[in-house]
Amino acid sequence: MEWENEDITRKMQYILNMRPVLNKDAFFSDGTRYYRNPTEPKAGETVMISFRTQKNNADAVYLVSGEKKHKMKIYKTVKGFDYYGTKIVMPDEVFRYHFEILYGWVNCYYNQRGVCTELQERDDFEIYPDFQTPDWAKGAVMYQIFVDRFCNGDPTNSVLTDEYSYIGEHCEQVHDWSKTPAVMGVREFYGGDLKGIMDKLDYLQDLGVEVVYLNPIFVSPSNHKYDTQDYDYVDPHYGRIVEDCDGLLAPWDRENSHAAKYIKRVTDKKNLEASNQLFAELVQELHKRGMKVILDGVFNHCGSFNKWMDRERIYEGQEGYAPGAYISADSPYRYFFNFRDEGRWPYNLSYDGWWTHDTLPKLNYEGSRELYDYVLNIARKWVSEPYCVDGWRLDVAADLGHSNEFNHQFWKDFRKAVKEANPNALILAEHYGNPEGWLQGDEWDSVMNYDAFMEPVTWFLTGMEKHSDEYREDLYGNSEAFIDAMKTHMRSLHMSALHVAMNELSNHDHSRFLTRTNRRVGRVSYAGAEAASENINTAIMREAIAIQMTWPGAPTVYYGDEAGVCGFTDPDNRRTYPWGHEDKELLSFYKKMIAIHKKYRILRTGSLKFLWNDYQGLCYGRFSHIEQMIVVLNNRDEGREVTIKVWPAGITRMEEVSMTRLIRSSQDGYNDRPKEIRARAGMVNLYLPPRSVTLLYHKDKIS
């Protein structure tokens, strides 16, 4: 009997000493204002940093920075979670930290990649003092316009056939708006212009656009205009031509010094000033409607037509223009370029070209302080009165200069110049690879988000590379690879840069996303334009749109994506907007998703957590302390039932919760009629149709 009593006592003592298992799914912290306040602190400012655990599920939590440990205290307990907090004073250098959690004999860590038992310093959370990005750009809905292909509002300013010669052949005016671009379509012009954009502002506003990003608009001989001819002026072919003349080239003539009509149009100051004035009017109208505008800045190289070079002899002898560096060794622009042969003047062809392209002279900033200052003044000019643009997108920004050290110094000075002229201007860079070196608060604000958006989304949903040049079965539907890529590359952006990063599905350099849904490797040069539209799947496109509109960053729509435009990579991706022939259902879905993105603030600056995944399946939450948006994707060809834990996004397990299904898209179309979905014990059971995405929303009732 005594032995039995001892056994019972021992068992009761064991039960009393039992502790719940450490619930690592409850751990959470990030750089949003819910876990770091303020999110963008200045040096010397006090910052409250928080960490979440399951209630009564940790003995101690420490914030660890270098050799220093800060013991955190519970400051609130809600919905079954304990919130630990501590305050730090922001130093004048980057502050790196992670969390250490103790529970009985268990000791683990939490950093940007989540729970871990071994630490890598590069995965620490980071705060950069005084790194602030414009609030208006955080999660802003952007719309990219390749101007020549959007809308022709003024037929009188169109480039005419034989107006000039470009890369050995005459330019050509395209009269059939629906024609697909030629393989060598760089000298084809469809007539899109600023007046066309002005005419379609109601359309853009109805779509829900908040920011218009324009591919280059400055004087240039190409339709893409990445070979700038004059940084001071908008191209009159996009603007206004008030002074004109005859003088097309004869069919056999390739000498642009004989292109009288072109010379008049692009060098006459009346045309140039009138075009700048039209652009100022466009910006004013955009601002009246509450929209912003971003210009494309091409400062690594210019074009061989550029007035500083004047290889085409367009400016030679023109009143008001100094001789170009190609023309004369005595040119004031002589050191704007690097000439390898000092004995070749006049008409010196020995200049350095970007990637050896002689049509793209590399700008030689190290050789000319005058050039350096000139471009900084250009940067100031367009963000100042009377134009007041709201930011710059920087072409091949990491290539500028001849050394990494010089490149960083230039962008530091560029940022100072722009922010002094317009403190709320946004600076976005085109960049492939890790951008961390430029994202420390004193150079770029953010990047075009290839690594942490376009590429992972494309691989996961289509298995295609972003040019449609490769298909990878191992990445198609591979949610583990998707999550790993996102965690790896998002940490490089920091929170300030992440929320203004340009999240695109398509753009002017890559194939259209809708074309990628056919999972066909191809280019228009050998596959033909028709192949880009064969076997496409708009349901997969809608899945991608849903991710785009619910992911951290600025969702950026490439003109025509919303209308169902297809196309392989450049130049096929630059087809015209199909006015009157849009995919109405796809356009409607874009409007619905943009409206959802704009209505729910957590989709702009809320936290992100992955909740469930398997082959061709993914679920994540965007959330604050009181709101949750749950996004569930099934990219399989068949429907299925799933059970998903949604409580890690902050939905209580203590009681049954009513969630609202805002929208569901599938292979059969989409449905945006609200439907109630019940979460029990923090779990939801869902039927996921084939090729579907479902959005669920919940907000706590505030008593």
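Just so you know, these numbers use all the heavy atoms, side chains as well, and skip hydrogens, waters and symmetry mates. For clarity, every value in this text was computed on a predicted model and none was experimentally measured.
- Under the 3.5 Å distance criterion, with hydrogens and angles disregarded, a donor-acceptor pair is assigned to the side chains of Trp354 and Asp399.
- Ring pair Tyr83/His625 is perpendicular by interplanar angle, where above 60° counts as perpendicular and below 30° as parallel.
- Going from atom NZ of Lys362 over to atom CG of Asp352 covers 9.0 Å, rounded to the nearest 0.5 Å.
- Between Tyr450 and Tyr432, the ring planes are parallel. Angles under 30° get that label, and only those over 60° would be called perpendicular.
- Between Phe610 and Trp551, the ring-plane angle classifies as tilted under the 30° and 60° cut-offs.
- Between Val418 and Trp392 the shortest side-chain heavy-atom distance falls below 4.5 Å.
- Counting heavy atoms from C-beta outward, Tyr34 and Phe623 have side chains that stay 4.5 Å or more apart.
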What pairs of donor and acceptor atoms, side-chain ones from residues 66-77 against any protein atom, are under 3.5 angstrom apart with sequence neighbours left out?
| residue | atom | partner | partner atom | Å |
| --- | --- | --- | --- | --- |
| Lys69 | NZ | Glu100 | OE1 | 2.8 |
| Tyr75 | OH | Ser50 | OG | 2.8 |
| Thr77 | OG1 | Asp82 | OD1 | 2.7 |

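- Residue pairs that meet the salt bridge (charged side-chain N to carboxylate O under 4.0 Å, His left out) test with at least one member in residues 422-435, sequence neighbours left out, are Arg393-Glu430.
- Between Asp442 and Arg415 there is no salt bridge, since no side-chain nitrogen of the basic residue lies less than 4.0 Å from a carboxylate oxygen of the acidic one.
- The OG1 atom of Thr228 lies 9.0 Å from the CG atom of Asp230; values are rounded to the nearest 0.5 Å.
- Enclosure of atom NZ in Lys79 by more than 12 non-hydrogen atoms of other residues, nucleotides or ligands within 6.0 angstrom is indicated.
- Residues Val94 and Gln440 have side chains not in contact (no heavy-atom distance under 4.5 Å, counting atoms from C-beta outward).
- Here the straight-line distance linking atom CG of Leu194 with atom OH of Tyr238 works out to 8.5 Å at 0.5 Å rounding.
- Contact between Met502 and Leu428 at its shortest, heavy atoms only, is CE-CD1, 3.4 Å.
- A ring pair (Phe, Tyr, Trp, His ring centres under 6.0 Å) with Tyr226 is found for exactly one of His508, His357, His301, namely His508.
- Relative ring orientation between Phe28 and Tyr110 is described as perpendicular, the plane-to-plane angle rising above 60° on a 0-90° scale split at 30° and 60°.
- Residues Glu480 and Lys487 are not paired through a salt bridge, judged by the lack of any N-O separation under 4.0 Å between the basic side chain and the carboxylate.
- Between Glu370 and Tyr335, the side chains place no donor N or O within less than 3.5 Å of an acceptor N or O (distance only, hydrogens not considered).
- Crowding of Tyr387 atom OH: a count of heavy atoms from other residues, nucleotides or ligands under 6.0 Å exceeding 12.
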Applying ring-ring contact (aromatic ring centres under 6.0 Å, His included) to Tyr558 and Tyr213, what does each step give before you reach the verdict? CA-CA 9 Å; Tyr558 183 42; Tyr213 155 46; 9.2 Å; no
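- Judged by the 6.0 Å and 45° rule, Arg516 forms no cation-pi pair with Phe513.
- A donor-acceptor contact closer than 3.5 angstrom links the side chains of Tyr372 and Asp413.
- Among the candidates Asp124, Val89, Ile49, the single residue satisfying the side chain to side chain contact (heavy atoms under 4.5 Å, CB included) test with Phe95 is Ile49.
- Screening residues 26-54 for salt bridge (charged side-chain N to carboxylate O under 4.0 Å, His left out), with sequence neighbours left out, gives Glu40-Lys138.
- Looking at Asp296 and Asp395, their side chains come closer than 4.5 Å, going by heavy atoms from C-beta outward.
- Within the 4.5 Å cutoff, the side chain of Ile101 has heavy atoms near those of the Phe27 side chain.
- To the nearest 0.5 angstrom, Met48 atom CE is 9.0 Å from Asn37 atom CG.
- Residues Asp445 and Gln132 come closest through the heavy atom pair OD1-O, 4.0 Å.
- Salt bridge present: Arg122 and Glu436 bring a charged side-chain N and a carboxylate O closer than 4.0 Å.
- With hydrogens and angles left out, the side-chain atoms of Asp390 and His287 include a donor and acceptor closer than 3.5 Å.
- Judged purely by atom type and a 3.5 angstrom limit, Asp227 has no side-chain atom pairing as donor or acceptor with the backbone of Cys302.
- Phe406 and Tyr365 have tilted rings, their planes meeting at an angle from 30° to 60° on a 0 to 90° scale.
- Asn507 is listed as a side-chain neighbour of Gln144, based on a closest heavy-atom distance under 4.5 Å.
- The side-chain heavy atoms of Tyr143 and Val211, taken from C-beta on, include no pair separated by under 4.5 Å.
- Among all heavy-atom pairs drawn from Gly208 and Lys598, the shortest one is O-NZ, 3.1 Å.
- Ring to ring, Phe81 and Phe51 are not that close: their centroids are 6.0 angstrom or more apart.
- For the pair Thr556/Asn503, no side-chain contact is recorded, criterion being any heavy-atom separation below 4.5 Å from C-beta on.
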